[in-house]
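Starting from 1, each residue takes its place in the sequence as its number. The model shown is predicted, which means the values in this text are computed figures rather than measured ones.
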Amino acid sequence: MDRSKPPRFSNLPQALKSACAARPERRITVYDSRARRSESKTFAEFAELARTGAARWAALGLQSGEPVVVVLPTSWAWLEAWFGALFRGALPVAVSPGGAMGAAEAQIARVEGLMERIGARHVVAGAGFREEAERLGAKLTAAGTLTPEELAATEPDFSFPAPDPDPEETAFLQLTSGSTGLPRAVMISHRAAVHHPWGMDQSVRGVESDPIHSWAEAMVSWLPLYHDMGLVGCVLLPLHLGIDIHLLRPESFLARPRVWMERLARAGSVFAPAPNYSYQLCVERIRPDEMEGIDLSGWRAALNGAEMIRVETTRAFCDKFSEFGFSPRALQSCYGMAEATLAVTFDRRMEGVRTLPAPAQVDSGLGLSEVVCTGVPVPHTEVRIVAPDGGELSEGGVG
């Protein structure tokens, strides 16, 4: 395969089936909430899981092009439900699982509101979520709420026609963060979902400035799969690359950040994306004695994005972990948004986090003296800086 050119697949199921067939021995490992127990499957087994999940959704009456909501933690149940819906030709949309957003009542109302907006009849969620919804009298309980156990117990119907969607059709729905309002369900086309992992592969560099596919053996992440960085950057991208995937749960990282370092050190030549606050958490919560025996020299691309990148955090992280083999050159700034599938820009210089003095007209309210360079656009992506009136600004403009 010539990885310098965009893939020729017309839709995401085609691309994923091809990737799994090309590297059937590669593995996906999913860890429990304490990062102690894990379950691993090969890419070939994952492909069969997705195919069977699709047949189970077909048996339940899920139609091609119909949205389905997945409200589960990182798990094999999540992978079967989401990818099964994708391989059925439906439109999966992942939502934060119960307990991750505070009050159960607010969580259920959010899911119910989403289902109403997108016209979803089916939701797969844990038994506790359904019990709480029934106690509150939520309408979604009558709309096909399934537990993962019920989905897994459904007799699969393999007679449904294999979907072959057009590249411009929607592949899945991705919720925005909702940081400035109600989350929106962004429609990600098959063309974008197939092209984007290739674009990221061309943009992310290792410490020797080579594309990921030429050196990466694995990806290690604790990011939630309902987030675009977790789904696209930590599942679709490594599947496309044909490398091992290690999926920790967010709660295990937040409780003990050292587990991320442990898995990174064991995975070989590895890349891993994460938001700025996770690097800050590692600085604050990991004691030097906890790093005994951990060698981070294999962590060749540490991506920092999804929120404001703070210079003081990146410098403190490099200062603290360089003695354990981490190269400051591996820290790579990036910028993205769900509306762009995931990535918009990457800093490809591999010179560590680069900065410029903050423009005099910038008033962030944070007293910033420097701003971080987030690089250049991924291939076939155009970036414009515009003023409030919509007029385009020149390089260096603040818009």
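One hydrophobic cluster, built from ILVMFWY side chains closer than 4.5 Å, holds both Val235 and Tyr31. Residues Met261 and Tyr277 fall within the same hydrophobic cluster, defined by Ile, Leu, Val, Met, Phe, Trp and Tyr side chains chained together at heavy-atom separations under 4.5 Å. No path of Ile, Leu, Val, Met, Phe, Trp and Tyr side chains, each step under 4.5 Å between heavy atoms, connects Met337 with Leu225, placing them in separate hydrophobic clusters. Both Leu86 and Leu151 are assigned to one and the same hydrophobic cluster, defined by single-linkage of ILVMFWY side chains at heavy-atom distances under 4.5 Å. When hydrophobic clusters are built by joining Ile, Leu, Val, Met, Phe, Trp and Tyr residues whose side-chain heavy atoms come closer than 4.5 Å, directly or via intermediates, Val311 is not grouped with Tyr335.
Electrostatic pairing of Arg191 and Glu168 counts as a salt bridge here, judged by a charged N lying under 4.0 Å from a carboxylate O. Salt-bridge check for Arg315 with Glu370: passed, with a basic side-chain N closer than 4.0 Å to an acidic carboxylate O. Electrostatic pairing of Glu132 and Arg130 does not count as a salt bridge here, judged by no charged N lying under 4.0 Å from a carboxylate O. Checked for salt-bridge contact, Glu39 and Lys41 meet the test: a charged N lies under 4.0 Å from a carboxylate O. Asp347 has no carboxylate O lying under 4.0 Å from a charged side-chain N of Arg349, or vice versa, which leaves the two without a salt bridge. Under a 4.0 Å N-O distance rule, the pair Glu80/Arg56 qualifies as a salt bridge. At a threshold of 4.0 Å, the pair Glu339-Arg184 counts as salt-bridged, since one of the basic side-chain nitrogens sits closer than that to a carboxylate oxygen.
Looking only at side-chain heavy atoms (C-beta outward), Ile188 and Val232 stay at 4.5 Å or farther from each other. At a threshold of 4.5 Å between non-hydrogen side-chain atoms, the residues Ser18 and Phe9 count as touching. In this structure, Val123 and Val71 have side chains that are in contact, with non-hydrogen atoms separated by less than 4.5 Å. Taking the side chain as every heavy atom from C-beta outward, Leu241 and Phe271 approach each other to under 4.5 Å.
If you look at Trp260 and His246, their ring centroids are not closer than 6.0 Å. Centroid-to-centroid, the aromatic rings of Phe172 and Trp82 come within less than 6.0 Å. Taking the six-membered ring for Trp and the full ring otherwise, Phe83 and Phe46 have centroids separated by under 6.0 Å. Between Phe317 and Phe321, the gap from one ring centroid to the other is short of 6.0 Å.
In this structure, Leu342 and Asp228 approach most closely via the heavy-atom pair CD1-OD2, 3.6 Å. When every heavy atom of Cys234 is checked against every heavy atom of Leu247, the shortest pair comes out as O-CD2, 4.0 Å. In terms of heavy-atom proximity, Pro67 sits nearest to Leu173 at CB-CD1, 4.2 Å. Among all heavy-atom pairs drawn from Cys318 and Leu331, the shortest one is SG-CD2, 4.0 Å. Smallest separation of non-hydrogen atoms from Ala330 and Trp299: CB-O, 3.5 Å. Considering every non-hydrogen atom in both Pro379 and Arg348, the closest pair reads CD-NH2, 3.9 Å.
The neighbour count for Glu292 CD, taken as heavy atoms of other residues, nucleotides or ligands under 6.0 Å away, does not exceed 12. Atom CD of Glu116 has 12 or fewer neighbouring heavy atoms from other residues, nucleotides or ligands inside a 6.0 Å radius. Taking a 6.0 Å sphere around CZ of Arg34, one finds it holds 12 or fewer heavy atoms contributed by other residues, nucleotides or ligands.
Distance check: Met200 CE to His195 NE2 gives 11.0 Å after rounding to the nearest 0.5 Å. To the nearest 0.5 Å, atoms CD1 (Ile309) and SG (Cys334) are separated by 6.0 Å. Rounded to the nearest 0.5 Å, atoms CG (Asp157) and CZ (Arg88) are 8.5 Å apart. Atom CD of Glu251 sits about 5.5 Å away from atom OG of Ser33, to the nearest 0.5 Å. Atom-to-atom distance recorded for Asn276:CG and Ser333:OG is 9.0 Å, nearest 0.5 angstrom. Note that the CZ atom of Arg26 and the CG atom of Leu239 stand 12.0 Å from one another [nearest 0.5 Å].
Side chain of Asp32 to main chain of Arg36: a donor-acceptor pair is present (N/O by atom type, distance under 3.5 Å, no hydrogens or angles). Between the Arg249 side chain and the Thr74 main chain, a donor and an acceptor come within less than 3.5 Å of each other. Remark: the backbone N or O of Asp295 is not paired with any side-chain donor or acceptor of Ser297 at under 3.5 angstrom. The closest donor-acceptor contact from the side chain of Trp215 to the backbone of Pro211 lies under 3.5 Å. Counting only distance, with no hydrogens or angles, the side chain of Thr345 and the backbone of Thr374 share a donor-acceptor pair below 3.5 Å. Remark: the backbone N or O of Phe87 is not paired with any side-chain donor or acceptor of Arg51 at under 3.5 angstrom. With Trp57 contributing its side chain and Ala81 its backbone, the two residues share a donor-acceptor pair below 3.5 Å. Looking only at distances, no side-chain donor or acceptor of Gln332 sits under 3.5 Å from a matching main-chain atom of Ala302. Gln63 contributes a side-chain N or O that, together with a main-chain N or O of Gly61, makes up a donor-acceptor pair within less than 3.5 Å. With hydrogens and angles ignored, the 3.5 Å screen pairs a side-chain donor or acceptor of Gln14 with a backbone N or O of Ser10.
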Check your understanding: Where do Met291 and Lys320 land on the side-chain contact (heavy atoms from CB on, under 4.5 Å) test, with the steps shown first?
Key -> CA-CA 11 Å; Met291 292 296 294; Lys320 182 167 186 172; over 6 Å; no
Review point. Can you list the steps and then say if Leu114 with Val95 is a side-chain contact (heavy atoms from CB on, under 4.5 Å)?
Key: CA-CA 9 Å; Leu114 171 67; Val95 180; 3.5 Å; yes
Point to revise | Verdict with supporting geometry, His213 and Trp198, ring-ring contact (aromatic ring centres under 6.0 Å, His included) | key: CA-CA 10 Å; His213 73 260; Trp198 171 83; over 10 Å; no
Could you list the donor-acceptor pairs under 3.5 angstrom formed between side-chain atoms of residues 278-286 and any protein atom two or more places apart in sequence or on another chain?
| unit_1 | atom_1 | unit_2 | atom_2 | d |
| --- | --- | --- | --- | --- |
| Ser278 | OG | Pro275 | O | 2.6 |
| Tyr279 | OH | Leu303 | O | 2.8 |
| Gln280 | OE1 | Thr313 | OG1 | 2.6 |
| Gln280 | NE2 | Glu284 | OE2 | 2.9 |
| Arg285 | NH1 | Leu254 | O | 3.3 |
| Arg285 | NH2 | Leu254 | O | 3.3 |
| Arg285 | NH2 | Ala255 | O | 2.9 |

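In this model, no donor atom of one side chain and acceptor atom of the other lie less than 3.5 Å apart for Glu169 and Asn11. With 3.5 Å as the limit, one finds a donor-acceptor pair spanning the side chains of Ser40 and Arg27.
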